[in-house]
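Computed from a predicted model, the values in this text were never measured in an experiment. Atoms within each ligand, like the ligands themselves, are counted from 1 in listed order.
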Amino acid sequence: MEEKKNIRRFNGAVDRGMWERLGGHRALAVWFTGLSGSGKSTIAHEVEKRLFDRGMRVKVFDGDNVRHGLCGDLSFSPEARAENTRRIAEMVKLFLENGIICLCAFISPLRADRERVRGIIGPNDFHEAFVSCPVQECERRDTKGYYRLAREGKIKNYTGISAPYEPPVSPGLLLETEKASIDECVERVMAYVLKTSAL
Ligand SMILES: Nc1ncnc2c1ncn2[C@@H]1O[C@H](COP(=O)(O)OP(=O)(O)OP(=O)(O)O)[C@@H](O)[C@H]1O
Ligand SMILES: [Mg+2]
């Protein structure tokens, strides 16, 4: 890790391994990527509930929520989207240090941005989950009414309509939400997380 001049890291007595042993599981980040309306938030929040019920330490990071606060100053231009994902990745990294399972629900449409996230979080902790759903089905769901506005040209740079989405090449998890039920998708993620987070 690059150290800045005149800024010295303070290493406390409690390290990640200690938090993980206390929690009874490893920390990891599942990065849900997919179109708006594909099911990222629905799946991530249900997984959070099921992990919580098992007494595990978990946190959901959700695109819309961080844009109100931490990233409230950023637009949706390619540069601002890159900065948005960089800040989130750095924040997730801090939570991993505390032994927390991080479920990150972000459209994160560009491969290069996701690879940057993988680089910041680290390849051993970063697990990409592709929440795959045809744009026609996302548009039919139109959970927020934004697809209609994007079609009418009232929202610019809308992923899947007027801005690109680049699917992951080889995601750790593939969740096809048009074909599988919410419960099936959630159970797939649960199995993956339980296996990967075992001490
Ligand atoms: N298998 C499935 N998994 C997840 N959601 C599903 C599935 N089948 C149907 N749905 C429905 O699809 C919608 C997904 O909406 P959700 O808000 O989770 O999407 P999102 O990916 O978080 O979108 P955004 O990027 O806009 O936040 C919900 O209405 C959900 O009930
Ligand atoms: Mg969402």
Side-chain angles (χ1 to χ4, degrees), residues 29-53 58-72 74-78 80-89 91-92 95 101-114 117 126-168 171-194:
V30 180
W31 191 272
F32 296 92
T33 169
L35 294 172
S36 175
S38 60
K40 302 177 298 295
S41 298
T42 303
I43 296 169
H45 282 93
E46 183 56 30
V47 170
E48 178 191 41
K49 184 174 171 297
R50 294 190 197 182
L51 292 174
F52 174 86
D53 287 344
V58 56
K59 169 88 186 135
V60 176
F61 297 90
D62 200 298
D64 290 329
N65 301 356
V66 299
R67 280 203 175 262
H68 288 297
L70 181 68
C71 302
L74 301 174
S75 73
F76 288 87
S77 71
R81 282 180 194 260
E83 173 59 12
N84 186 51
T85 40
R86 187 194 69 78
R87 282 185 203 173
I88 293 153
M91 180 171 60
V92 167
F95 276 71
I101 292 172
C102 300
L103 306 172
C104 316
F106 296 96
I107 298 174
S108 44
L110 301 182
R111 229 168 260 147
D113 287 347
R114 294 193 304 268
V117 172
F126 176 88
H127 300 267
E128 197 170 32
F130 178 26
V131 184
S132 170
C133 188
V135 69
Q136 295 79 359
E137 170 62 11
C138 293
E139 202 170 347
R140 194 195 59 74
R141 293 178 185 169
D142 207 5
T143 46
K144 297 173 179 164
Y146 291 167
Y147 279 99
R148 193 174 53 79
L149 294 177
R151 285 283 181 209
E152 290 170 358
K154 291 178 183 153
I155 302 180
K156 307 264 178 256
N157 296 325
Y158 202 75
T159 302
I161 304 293
S162 44
Y165 179 81
E166 300 170 352
L173 266 165
L174 173 63
L175 306 163
E176 295 179 297
T177 67
E178 193 191 28
K179 297 179 188 159
S181 69
I182 295 174
D183 190 61
E184 283 166 336
C185 294
V186 168
E187 274 306 312
R188 297 253 338 270
V189 180
M190 284 298 292
Y192 184 93
V193 168
L194 292 177

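Taking Glu46 as the reference, Arg50 meet the salt bridge (Lys or Arg N to Asp or Glu O under 4.0 Å) condition, with sequence neighbours excluded.
Listed by chain and number, residues touching ligand 1 at under 4.0 Å (heavy atoms only) are Leu35, Ser36, Gly37, Ser38, Gly39, Lys40, Ser41, Thr42, Ile43, Asp64, Ile107, Arg141, Thr143, Lys144, Thr177, Ala180, Ser181, Ile182, Cys185.
Around the Mg ion (ligand 2), the protein atoms of type N, O or S that sit closer than 2.8 Å are Ser41 OG.
Between the side chain of Arg111 and the backbone N or O of Pro167 there is at least one donor-acceptor pair closer than 3.5 Å. Between the side chain of Tyr147 and the main chain of Ser36, a donor-acceptor pair closer than 3.5 Å is present.
The two residues Arg141 and Ser38 come nearest to each other via the heavy atoms NH1-O, 3.2 Å.
A salt bridge does not link Glu184 to Arg188: none of the charged nitrogens lies less than 4.0 Å from a carboxylate oxygen.
Remark: the Asp62 side chain and the Ser41 side chain contain an N/O donor-acceptor pair separated by less than 3.5 Å.
Taking the six-membered ring where tryptophan is involved, the planes of Tyr165 and Phe130 are essentially parallel, since the angle between them stays under 30° and well short of 60°.
Listed by first and then second residue, the salt bridge (Lys or Arg N to Asp or Glu O under 4.0 Å) pairs that reach into residues 155-167 come to none, sequence neighbours excluded.
The number of heavy atoms from other shown groups lying within 6.0 Å of OH (Tyr146) does not exceed 12.
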